[in-house]
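To start, the structure under review is shown below, and the notes come after it.
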Amino acid sequence: MPTRNLPLRAPVTIHWNEHHVPFIEAEHDADLAVGLGVVHAHLRLAQIELMRRAAYGRLAELLGPVAVDLDRTLRTLDLTRAVRPIVATMPEATFDWLTGFARGINAVIAGPGELPEELALLGHRPEPWTVEDLMALGRLAATDFTWRVWIPLLRLRARTDWPDLWERMMRDNAMPVPAFAGGGGGGVDALLSLLGAFGRQGSNAFAVAAERSATGSALIASDPHLGIMLPNTWLMAGLSGPGLNAVGLMIPGVPAVALGRNRRIAWGGTSLHAQSSELFDVTDLPEGEIVERRETIRVRWGKPVTVTVRDTPYGPILTDAPLLPDAGGRRLALHWVGHLPSDEVTALLGVNRAAGWAEFRDALDGFAVPAQNMVYADADGRVGQCMAARLPWRPPHPPDDLFVPRDARRHWERFATAATLPAVLSPPRGFVASANNRPEAAGTVPVGFFFSPDDRVRRLRALLGRPDPVGIAELQAAQRDVLVPSAPELRDRLLALARDAGLDAASPERRRFCDGLRPWDGRYDAESAGALGFELLLYHFALGLRGRAGLEVYTAGWEPWAFLRDDLDRTPPDRLAAALGPALDRAAAEAGRHGTWGAVHRLRLAHVLGSVPVIGRRYRFADVPSSGGNETVMKTAHGFAGGVHRVRMGANARHISDLGDPDANRFVLLGGQDGWLGSTTFLDQFDLWRRGEYVQIPLRAETARTLFRYKTVLTP
C-alpha cells in the first residue's frame, strides 16, 4: 500500500481494526477522497477492475473468446451511454471528490505493490482510472431489476398459453425469475449472474421510532440481498473530515456510503422493483430511424471481433444481443432511465451529509437508478420512508404485454421523482419496514408491476409491532428470522386435499410423512425436517400437476406459490389428487433420505474463479447447511427445491445503528472485508455471520483511534 508522495495537502490517517475495516481521518475533504480511493483499491482492486471491464463490455480482453458474446450483449445494453453528459454537468464539488478518489486508486496501481492474484493470473495491469470510469462503474451497479425479469419471460412468450400466463402474473403479483435462476445455460446464465451480482435485487430495511424503542432513541437496520459471492459486493468504512463524517456500507469503486449513518441521520434502502425500463416494439420502425455503429472487441488469445450495435430513438435494439432469447421475430428496443443523465453520486453525498428529513429528501430528488425505497431515522427519534427514483408518467393499469407499442413513448415525456412519489414521516405505528413489497401508498404514477410476496414485510411488521419496546437484540433476531407466515397456510391446503381424497392414509410412509409435516410452524431452520418435507412436496406436486415442460410456468415466479394457489383454486379435485398422491410418495422418500432442510439447502462461498475448470477447487471456501428460504426475512433464495441446491442470492451484509449513540453502529459481511485471496480477513466474518454477531464501527474519530488498533499514515 503506497503511503508516501501521495496527491495530498496534509497527512491522512487510516485506523484499522482486526477485520481490516478502515476509519479514515483527514484534515481536508479533498484528502479524504484520496484516502478513500487508496482504501478501495488496496482492498478490492481486482474486483473493481473486473467491474469496470464489465461496464464497458471489455471482459474478452481478459477472459478470451469465451466472453465475446457477453461483451457484445453488454455493449448493446450500452450501460455507459449517459456517463459523459453526467460528468459534464455534475457540480464542481462532486467532480473534485471523484477526481481525488480516482487519484487514490491510481496511486495504488502505480505503487510498488504486487498485483492481486486474479489480475496476475489474467496477466493484466490496470489502466489509470478516470472520473468517467467511476461513473461507468456506478451505472453497472444501477442495472435495472426488470432486465432480469425480461430475459426468462422473452423465452416464455413463445408458449401458446402466454396471454393467460401474462394475465396471471399481472393479477397475482407473481414476480418473474431473479438472477439466481437459470436462464438457459451458458452465456445467458453468465449474463444473469453478472446483472444479479451488482444490481440491486432485494433487501430488507426497517426503522423504529424513539417511542417504540427500548433504548429511547430511533433504531435502524438494513440487510441488502445480492448474489452470494466472494469478495463481498460491499465493503465497510468510516470517514471523518471537515465536511463529511459517516460510517456504513459502500459499493467497491463508488465513493459514497450507500447504507449507514452520520451524526444526525441514518439511512437504509431496498430495491423498489420499479419499472425503470420499457421494451418498445420497433419491428416496423423505418430503417432511416436506425443508427448503426461499429465497435471492435479486443480478444485475449484471439483476433479482434468487429460488431454492429444498432440504436433507435427508443433505445438500443436489444434483440440484436446474442445472449438474449428470441422475441418471436419481433425487434425490441430498450428504453432505460439509466440511459438518461442523472447524478447518483451527488445525491448520495447529499444524503451522507444531510442533517434532517428535508435535506435527505432534497438530496434524493436527484437519484434515478437503481430505484430505491429509502428508510430513514434521525437523532430526534423520528423514522420515515420515501422513494428514490425517476419514473415515467405511465397510466395506472398494467401493460397488455411484455413489450409496448411505440406510441407509449409519450409516457416518457415527464417523470415522477422523490419529490412527487409517496413518502411518510413519523407514522402512527412507530416504525417503517420495506422488503421489496408493493408500496402501501398509491402514488400518481405506478411504481411497477412486479413485487415480492408480502411474507417478509408481514413478518417484519409482526416483529416490530409487538407490545414490548424493540431493542437491538430484537433487530438482530429479526435479521436472522426464518419464519414464513404463509407457508403453514399452504401446507394446510395440501394436507386437507390429501385427507379429503384419502391419500394421507394410503400407506404407512404417507401417514408418517403427513403426520410429521402437520406440526411444522413455517420456520426454515437448517435443522428442520418440516421445511424440507414441505419444499419437496411442493416441487413434486407442481411437477406432477404440470409436467416437466409445464414446470417452467411455475418457475416463472420469484416463488411459485402464487401460481400454485391459483391452480388449487382452478383445477378439478380429481386432477389435483392424481398429482398429489405420487408427490407424497416421492417427497416422503426424499425427506427420509436427506433428513433436514440444511442437508439440501447449501450456502457455498466461492470466488468467481471457483467456477473455472481444473483450478476452480482452489477458489471454493465453504459449503455449509443454511437456514432461510425464498421469502424468509433472512433471505437465502433457492427457487424450486427438488433436491440439493446452492443459495445463489440472499442477505450478504447487515447493519444496525442506534441514533442515540454515534458509536453504536454494528455491521457484518457474509465473507470478509479484504478482497485479496489468502488474506486473513478474506473470510474472517463468515463465522460472525453464522453466529449472528457484528463488528462495531464508531462514528467519532476519538473512539476509532481507541478501538481500531492498527494505523497507516498517508503523507503528501
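Just so you know, these numbers use all the heavy atoms, side chains as well, and skip hydrogens, waters and symmetry mates.
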Shortest non-hydrogen contact from V257 toward W267:
O-NE1, 3.4 Å
Counterpart residues, side-chain hydrogen bond (donor to acceptor under 3.5 Å, both in side chains), relative to E693 (two or more places apart):
R691
Assess whether side-chain contact (heavy atoms from CB on, under 4.5 Å) is satisfied between M229 and L605, documenting all intermediate values.
CA-CA 6 Å; M229 57 186 288; L605 289 186; over 6 Å; no
Partner set under ring-ring contact (aromatic ring centres under 6.0 Å, His included) for F621, not counting sequence neighbours
F682
D31 CG to R9 CZ distance, which is reported to the nearest 0.5 Å:
6.5 Å
Does the pair T89 and R84 meet the rule for a side-chain hydrogen bond (donor to acceptor under 3.5 Å, both in side chains), with working shown?
CA-CA 9 Å; T89 57; R84 286 186 179 178; over 6 Å; no
Inter-residue atom distance L140.CG - T80.OG1, 0.5 Å rounding:
10.5 Å
Report the distance from atom CG of D133 to atom CD of E49, rounding to the nearest 0.5 Å.
8.5 Å
Closest non-hydrogen atoms of P22 and M236, given as atom of the first, atom of the second and distance, are CD-O, 3.2 Å
Give, for atom CZ of R654 and atom CZ of F667, the distance between the pair rounded to the nearest 0.5 Å.
14.0 Å
Tell me whether E344 contacts the main-chain N or O of A368 through its side chain, where contact means a donor paired with an acceptor under 3.5 Å.
yes
Return a table of donor-acceptor pairs under 3.5 angstrom between the side chains of residues 709-716 and protein atoms on other chains or two or more places apart.
{"unit_1": "T712", "atom_1": "OG1", "unit_2": "W16", "atom_2": "NE1", "d": "3.1"}
{"unit_1": "T715", "atom_1": "OG1", "unit_2": "T3", "atom_2": "O", "d": "3.1"}

May I have all residue pairs that pass side-chain hydrogen bond (donor to acceptor under 3.5 Å, both in side chains) and include part of residues 655-673, sequence neighbours excluded?
T215-D658, R261-N665, H655-S657, S657-N665, D663-R700, D663-T703
Hey, does P392 have a side-chain heavy atom less than 4.5 Å from the side chain of F415?
yes
Value rounded to 0.5 Å, distance of CD in Q372 from CG in L259
8.0 Å
Could you go through the side-chain hydrogen bond (donor to acceptor under 3.5 Å, both in side chains) check for T94 and D343 one step at a time?
CA-CA 9 Å; T94 304; D343 184 359; 4.5 Å; no
Between D365 and T417: side-chain donor-acceptor atoms closer than 3.5 Å
yes
Scan for ring pair (Phe, Tyr, Trp, His ring centres under 6.0 Å) pairs involving residues 110-140, sequence neighbours excluded, and state none if there are none.
none
Which residues satisfy the side-chain hydrogen bond (donor to acceptor under 3.5 Å, both in side chains) test with R382, sequence neighbours excluded?
D378
Does the side chain of N652 come under 3.5 Å of the side chain of H225 through a donor N or O and an acceptor N or O?
no
Donor-acceptor pair, R44 side chain versus W234 backbone, under 3.5 Å?
yes
Donor-acceptor contact below 3.5 Å, side chain N436 vs main chain S271
yes
R353 side chain near L244 side chain, heavy-atom distance below 4.5 Å
yes
Could you please spell out the steps behind the salt bridge (charged side-chain N to carboxylate O under 4.0 Å, His left out) verdict for R53 and D71?
CA-CA 9 Å; R53 294 276 168 169; D71 276 356; over 6 Å; no
Short N-O contact, K635 and D223, less than 4.0 angstrom:
no
Examine distances only and state if a side-chain atom of H273 and a backbone atom of G202 form a donor-acceptor pair shorter than 3.5 Å.
no
For Y376, check ring-ring contact (aromatic ring centres under 6.0 Å, His included) against everything at least two apart and list the hits.
W357, F360
Could you check whether any side-chain heavy atom of W412 comes within less than 4.5 Å of a side-chain heavy atom of V337, counting everything from C-beta outward?
yes
Can you name the closest pair of heavy atoms from T146 and A274 and give their distance?
CG2-O, 3.7 Å
Is R390 atom CZ crowded by more than 12 heavy atoms from other residues, nucleotides or ligands, each under 6.0 Å away?
yes
Any heavy-atom pair between the side chains of E61 and R300 that's under 4.5 Å?
no
Does any part of the side chain of P370, heavy atoms only, come nearer than 4.5 Å to the side chain of F145, both counted from C-beta?
no
Say whether, by atom type as modelled, one donor and one acceptor occur between the side chain of Q479 and the main chain of S222 under 3.5 angstrom.
yes
Restricting to side-chain hydrogen bond (donor to acceptor under 3.5 Å, both in side chains), what partner residues turn up for R72, sequence neighbours left out?
none
Sub-4.5 Å side-chain heavy-atom contact between F95 and L98:
no
Determine yes or no for a side-chain-to-main-chain donor-acceptor pair under 3.5 angstrom, with T706 supplying the side chain and E702 the backbone.
yes
To the nearest 0.5 Å, how far apart are CE in M250 and OG1 in T233?
14.0 Å
Looking just at side-chain N and O atoms, do E117 and Y619 make a donor-acceptor pair shorter than 3.5 Å?
yes
Nearest atoms (heavy-atom pairs only) where L669 meets N232:
CB-ND2, 3.9 Å
Ignoring hydrogens, what is the shortest heavy-atom contact between A205 and G269? Give both atom names and the distance.
CB-N, 4.0 Å
Is any side-chain heavy atom of L688 less than 4.5 Å from a side-chain heavy atom of V695?
yes
If we ignore hydrogens and angles and just use 3.5 Å, is the side chain of T420 paired with the main-chain N or O of A416 as donor and acceptor?
no
For the side chain of N262 and the backbone of A354, is there at least one donor-acceptor N/O pair under 3.5 Å apart?
yes
Under 4.0 Å between a side-chain nitrogen and a carboxylate oxygen: does that hold for R58 and E127?
yes
Mind listing the closest non-hydrogen atom pair of L391 and S276 along with its distance?
CD2-OG, 3.9 Å
Partner residues of F23 under the ring-ring contact (aromatic ring centres under 6.0 Å, His included) criterion, sequence neighbours left out
none
What pairs with F101 under ring-ring contact (aromatic ring centres under 6.0 Å, His included), at least two apart in sequence or on another chain?
H40
Mind jotting down which residue pairs meet the side-chain hydrogen bond (donor to acceptor under 3.5 Å, both in side chains) criterion with at least one end in residues 104-116? Sequence neighbours excluded, please.
none
Take a 6.0 Å sphere around CZ of R263 and say whether it holds more than 12 heavy atoms from other residues, nucleotides or ligands.
yes
Assess whether side-chain hydrogen bond (donor to acceptor under 3.5 Å, both in side chains) is satisfied between H19 and D684, documenting all intermediate values.
CA-CA 7 Å; H19 298 288; D684 65 317; 2.6 Å; yes
Ignoring hydrogens and geometry, is there a side-chain-to-backbone donor-acceptor pair from N373 to T270 under 3.5 Å?
no
Do W97 and L36 have side chains that approach each other closer than 4.5 Å (heavy atoms only, starting at C-beta)?
yes
With sequence neighbours left out, the residues meeting side-chain contact (heavy atoms from CB on, under 4.5 Å) with P2 are L6, A107, V108
